[in-house]
Amino acid sequence: MALQAASLVSSGFVVPKEAKSNASFKDSSLFGVSLSDHLKADFSSSAPRSKRESNQRVGAVRAQTMATASPAVNRAVPEGKKTLRKGSVVITGASSGLGLATAKALAETGKWHVIMACRDFLKAERAAKSAGIAKENYTIMHLDLASLDSVRQFVDNFRRSGRPLDVLVCNAAVYLPTAKDPTFTAEGFELSVGTNHLGHFLLSRLLLDDLNKSDYPSKRLIIVGSITGNTNTLAGNVPPKANLGDLRGLAGGLNGLNSSSMIDGGEFDGAKAYKDSKVCNMLTMQEFHRRFHEETGIAFASLYPGCIATTGLFREHIPLFRLLFPPFQKYITKGFVSEDEAGKRLAQVKKGEPHIKIFSYHAIYIICYFLALGRERSKLGKIRCILELEQGLCFI
Ligand code: NDP
Ligand code: PMR
């Protein structure tokens with residue numbers, strides 16, 4: 001169960017004493033294991049390129065911690081004070097669905113410049129145009145989360161652009177429910193976990209320094225989670241259920257050769273791999289909050305936007321599913337939400353008690369779900385109030 005995995009995983013976290021005492025980003029390991037030598041190469045000073053490349057084939061995740069440079073804590077502008085400049089927000093996967101709708105909602109306020117971090121430049125350009133986002137409000141930059149080199153390249157390019165980073169929204173994802181066999185990222189990790197979790201983990205970890213330097217009053221890092229990873233909800237109990245087990249597949253490198261392609265070490269299952277990746281996304285924010293919020297003032301959040309049953313996420317599903325899923329969510333579960341509404345919700349995630357505690361998140365979801373039954377779900381004022389009260393930032 002996801003919850004079991006969560007408790008197992010949190011007990012595996014180790015925060016080195018120095019990280020607590022000198023307020024520096026010392027420990028880059030996640031879930032008690034470091035992600036890989038690929039990631040390590042970034043966090044540890046100046047490992048020679050050739051060594052890094054030879055490490056890439058290894059792909060093993062080792063039980064160890066890693067050192068990073070220690071950025072200075074930056075709180076140049078006291079919280080609550082306004083800066084005059086536009087906010088600068090990076091959104092991954094902004095070429096369609098929720099990411100595009102969020103980019104549009106933020107750009108329309110006139111207060112944000114959106115960096116659309118996308119793998120398909122032309123598609124992103126067309127999408128921005130057809131959504132009517134004004135040219136001066138967005139920039140497209142290439143990012144393929146299925147390649148850790150591309151993630152590093154993106155970070156370099158972003159830094160070279162000279163823009164500040166005030167908010168990072170990790171939104172992109174792939175869902176491969178009908179795949180019989182696993183496919184892999186450039187570095188050989190199973191594609192769903194590699195893209196949705198590992199790519200975003202590296203991106204977040206690298207950009208933490210940039211967020212920390214921002215003088216914006218509310219710096220934020222948001223990852224899009226999913227109810228389907230939460231096994232104490234009805235949706236999370238639809239098989240296959242998320243389960244990270246004892247992380248043996250992750251520890252083995254998720255390469256499907258000398259280790260399983262699944263985090264828990266089991267047989268490949270595309271739908272489960274997606275749900276596992278979403279559990280990792282939510283846990284990442286929980287752990288980032290624990291490690292870094294106090295020293296940086298960055299708000300770390302995870303959000304379930306509602307069931308946006310019409311997006312491209314379901315492109316790999318069978319046609320019958322794609323036909324029946326939207327009316328099923330609209331009229332039966334009433335979990336349906338339009339892309340526009342979901343985009344507005346994500347755009348509104350704001351500072352508060354800065355992360356979702358996934359345990360209470362389940363309970364809150366259930367309460368809100370019943371409160372919302374029979375009401376117009378696009379006007380979630382009351383629910384929003386409850387959630388803001390309880391969590392500061394979570395919208396269902
Ligand atoms: P979409 O498929 O419309 O959007 C996913 C985006 O991710 C696309 O822009 C896609 O790019 C991009 N992407 C995929 N792989 C990569 C990659 N390797 N590198 C960079 N970008 C990539 O789906 P949604 O809008 O529905 O999904 C957005 C988020 O919402 C996901 O995190 C999903 O898990 C989450 N979510 C969705 C729900 C839903 O009901 N739809 C419910 C709960 C959560 P491209 O356009 O090039 O394919
Ligand atoms: Mg689910 C309250 C009921 C509820 C909600 C909110 C969702 C959301 N789903 C619910 C219930 C059910 N679903 C039930 C009872 C069934 C069995 C008929 C069911 C089935 C189902 C399938 C086969 N649902 C799905 C699938 C998918 O392939 C989707 C998935 O798991 O993608 C990972 C999905 C979803 N249901 C949701 C949401 C939000 C999804 C998409 C999850 C995501 O994009 O992260």
Side-chain angles (χ1 to χ4, degrees), residues 91-103 116-128 140-148 150-151 154 169-178 183 185-186 191-192 194-200 203 222-230 233-242 269-279 281-282 302-318 320-322 324-326 328-330 332-339 342-343 345-346 365-366 368-370 372-373 377 396:
I91 304 178
T92 68
S95 51
S96 68
L98 177 60
L100 179 63
T102 307
M116 300 169 70
C118 299
R119 62 178 168 179
D120 184 335
F121 193 92
L122 279 179
K123 181 176 176 185
E125 186 63 59
R126 267 188 240 117
I140 299 170
M141 290 180 66
H142 185 262
L143 168 66
D144 182 354
L145 287 156
S147 155
L148 297 178
S150 171
V151 173
F154 171 82
V169 179
C170 295
N171 160 80
V174 286
Y175 176 40
L176 309 163
T178 54
T183 41
T185 65
L191 193 64
S192 340
T195 305
N196 307 355
H197 171 51
L198 297 181
H200 276 137
L203 183 72
I222 302 152
I223 295 189
V224 182
S226 172
I227 191 172
T228 57
N230 295 344
T233 62
L234 177 57
N237 271 293
V238 176
K241 294 192 209 174
D269 182 323
K272 180 174 181 301
Y274 170 88
K275 293 175 188 178
D276 289 349
S277 76
K278 290 284 134 185
V279 173
N281 284 159
M282 294 186 275
S302 164
L303 161 96
Y304 165 59
C307 186
I308 329 160
T310 49
T311 70
L313 194 70
F314 309 104
R315 68 188 97 173
E316 301 292 336
H317 228 309
I318 55 169
L320 187 64
F321 175 89
R322 294 207 305 273
L324 297 180
F325 192 52
F328 171 69
Q329 292 294 344
K330 246 182 220 167
I332 298 177
T333 73
K334 298 195 190 293
F336 181 85
V337 64
S338 70
E339 293 181 26
R345 288 180 190 178
L346 182 48
Y365 174 78
I366 291 164
C368 293
Y369 181 74
F370 285 111
L373 276 181
R377 295 185 65 87
I396 300 286

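In this chain, numbering begins with 1 at the start of the sequence shown. Whatever order the structure lists them in is the order used to number ligands and atoms, beginning at 1.
- Within the model, atoms CZ of Phe121 and CD1 of Ile140 stand 4.5 Å from one another, a figure rounded to the nearest 0.5 Å.
- Residue contacts with ligand 1 do not include Ala127, since none of its heavy atoms lies under 4.0 Å from the ligand.
- Within the structure, ligand 1 lacks Gln329 among the residues with a heavy atom less than 4.0 angstrom away.
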- [ ] With side chain to side chain contact (heavy atoms under 4.5 Å, CB included) as the test, would you mind laying out the steps for Leu346 and Val169 before giving the verdict?
- [x] CA-CA 9 Å; Leu346 182 48; Val169 179; 3.8 Å; yes

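- Distances from ligand 1 to the non-hydrogen atoms of Gly306 include at least one value under 4.0 Å.
- Under the 30°/60° scheme for interplanar angles, the aromatic rings of Phe321 and Phe314 are found to be tilted.
- Counting only heavy atoms of the protein, atom 26 (O) of ligand 1 lies nearest to Thr311 OG1, 2.6 Å.
- With a 4.0 Å cut-off on non-hydrogen atoms, Glu339 does not touch ligand 1 at all.
- Within ligand 1, the atoms closer than 4.0 Å to a non-hydrogen atom of Ala172 are 7 (O), 12 (C), 13 (N), 21 (N), 22 (C), 32 (O), numbered from 1 in the order shown.
- At least one side-chain heavy atom of Asn281 sits less than 4.5 Å from a side-chain heavy atom of His197.
- Taking CG of Leu191 as the start and CG of Leu145 as the end, the distance is 10.5 Å to the nearest 0.5 Å.
- The ligand atoms of ligand 1 that sit less than 4.0 angstrom from a heavy atom of Cys307 are 40 (O).
- What sits closest to atom 9 (O) of ligand 1 on the protein, heavy atoms only, is Ser95 OG, 2.8 Å.
- In terms of modelled atom types and a separation under 3.5 Å, the side chain of Lys278 and the main chain of Val224 share a donor-acceptor contact.
- Put simply, the side chain of Thr233 gets close to the backbone of Asn230: a donor and an acceptor are under 3.5 Å apart.
- Atom numbering of ligand 1 starts at 1 in the shown order; those under 4.0 Å from a heavy atom of Ala146 are 18 (N).
- One distance of note links OG1 of Thr310 with CZ of Phe325; it measures 10.0 Å at 0.5 Å rounding.
- Neither the backbone nor the side chain of Ile308 comes within contact range of ligand 2; no heavy atom lies under 4.0 Å.
- Between the choices Leu98, Ile91, Asp144, the shortest heavy-atom distance to atom 18 (N) of ligand 1 belongs to Asp144.
- Close contacts of ligand 1 with Lys278, meaning ligand atoms under 4.0 Å from a residue heavy atom, involve 31 (C), 32 (O), 33 (C), 34 (O).
- Residue contacts with ligand 1: Leu145 is placed with a nitrogen or oxygen under 3.5 Å of a nitrogen or oxygen of the ligand (distance criterion only).
- In the vicinity of Phe321, heavy-atom distances shorter than 4.0 Å reach the ligand 2 atoms 22 (C), 23 (C), 26 (C), 27 (C), 28 (O).
- Residues Lys275 and Val238 share a closest heavy-atom pair of NZ-O, 3.1 Å.
- Distances from atom 34 (O) of ligand 1 to the heavy atoms of Phe121, Tyr175, Tyr274 put Tyr274 nearest.
- Within the listing of ligand 2, atoms 31 (O) sit less than 4.0 angstrom from a heavy atom of Lys275.
- Atom 5 (C) of ligand 1 has its closest protein heavy atom at Ala173 O, 3.8 Å.
- Looking only at distances, no side-chain donor or acceptor of Thr311 sits under 3.5 Å from a matching main-chain atom of Gly97.
- Counting atoms of ligand 1 from 1 in the listed order, those under 4.0 Å from a heavy atom of Val174 are 14 (C), 15 (N).
- Gln329 is not listed as a side-chain neighbour of Val337, based on a closest heavy-atom distance of 4.5 Å or more.
- The closest donor-acceptor contact from the side chain of Thr178 to the backbone of Glu316 lies under 3.5 Å.
- In terms of heavy atoms, Arg322 sits closest to Arg315 at NH1-O, 3.2 Å.
- For atom 40 (O) of ligand 1, the candidate residues are Val224, Ile308, Val169; the nearest heavy-atom contact is made by Ile308.
- The contact set between ligand 1 and Phe314, taken as ligand atoms under 4.0 Å from a residue heavy atom, comprises 39 (C), 40 (O), 41 (N).
- Here Lys278 has no heavy atoms under 4.0 Å from ligand 2, in either its backbone or its side chain.
- The protein heavy-atom contact nearest to atom 29 (C) of ligand 1 is Asn171 O, 3.0 Å.
- Distances shorter than 4.0 angstrom do not occur between any heavy atom of Lys334 and any atom of ligand 2.
- The heavy atom nearest to atom 28 (O) of ligand 2, out of those in Phe314, Tyr175, Phe328, is found in Tyr175.
- Note that CZ of Arg119 and OG of Ser147 are 12.5 Å apart. Values are rounded to the nearest 0.5 Å.
- The side chain of Thr195, and not its backbone, has at least one atom closer than 4.0 Å to an atom of ligand 1 (non-hydrogen atoms only; side chain from C-beta on).
- With rounding to the nearest 0.5 angstrom, the CG atom of Asp276 is 10.0 Å from the OG1 atom of Thr228.
- No N or O atom of Asp120 sits closer than 3.5 Å to an N or O atom of ligand 1.
- Ligand 2 has no nitrogen or oxygen under 3.5 angstrom from a nitrogen or oxygen of Thr333.
- Atoms of ligand 2 lying under 4.0 Å from any heavy atom of Leu313, numbered from 1 in the order shown and given with element: 44 (O).
- At a threshold of 4.5 Å between non-hydrogen side-chain atoms, the residues Lys123 and Cys118 do not count as touching.
- Residues Thr92 and Leu203 have side chains in contact (heavy-atom distance under 4.5 Å, counting atoms from C-beta outward).
- For the pair Ala94 and ligand 1, the shortest N or O to N or O distance does not fall below 3.5 Å.
- Counting only heavy atoms from C-beta outward, the side chains of Ser192 and Leu176 approach each other to under 4.5 Å.
- The ligand atoms of ligand 1 that sit less than 4.0 angstrom from a heavy atom of Lys123 are 45 (P), 46 (O), 48 (O).
- Taking CG from Leu303 and CE from Met282, the interatomic distance works out to 11.0 Å, rounded to the nearest 0.5 Å.
- Remark: ligand 2 atoms within the under-4.0 Å shell around heavy atoms of Ser226 are 42 (C), 43 (C), 45 (O).
- With hydrogens and angles disregarded, no donor-acceptor distance shorter than 3.5 Å links the side chain of Asn196 to the backbone of Tyr274.
- Taking only non-hydrogen atoms, the option from Gly270, Ala235, Pro305 nearest to atom 7 (C) of ligand 2 is Ala235.
- Within the 4.0 Å heavy-atom criterion, neither part of Thr228 lies near ligand 1.
- The ligand atoms of ligand 2 that sit less than 4.0 angstrom from a heavy atom of Val238 are 12 (C), 13 (N), 14 (C), 16 (C), 19 (C), 20 (C).
- Residue contact check: Ser96 has heavy atoms under 4.0 Å from atoms 1 (P), 3 (O), 4 (O), 8 (C), 9 (O), 46 (O) of ligand 1.
- Atom numbering of ligand 2 starts at 1 in the shown order; those under 4.0 Å from a heavy atom of His317 are 28 (O).
- Side-chain contact check for His142 versus Ser150: some heavy-atom pair is nearer than 4.5 Å.
- The residue among Arg315, His200, Lys275, Met116 with a heavy atom at the shortest distance from atom 10 (C) of ligand 1 is Arg315.
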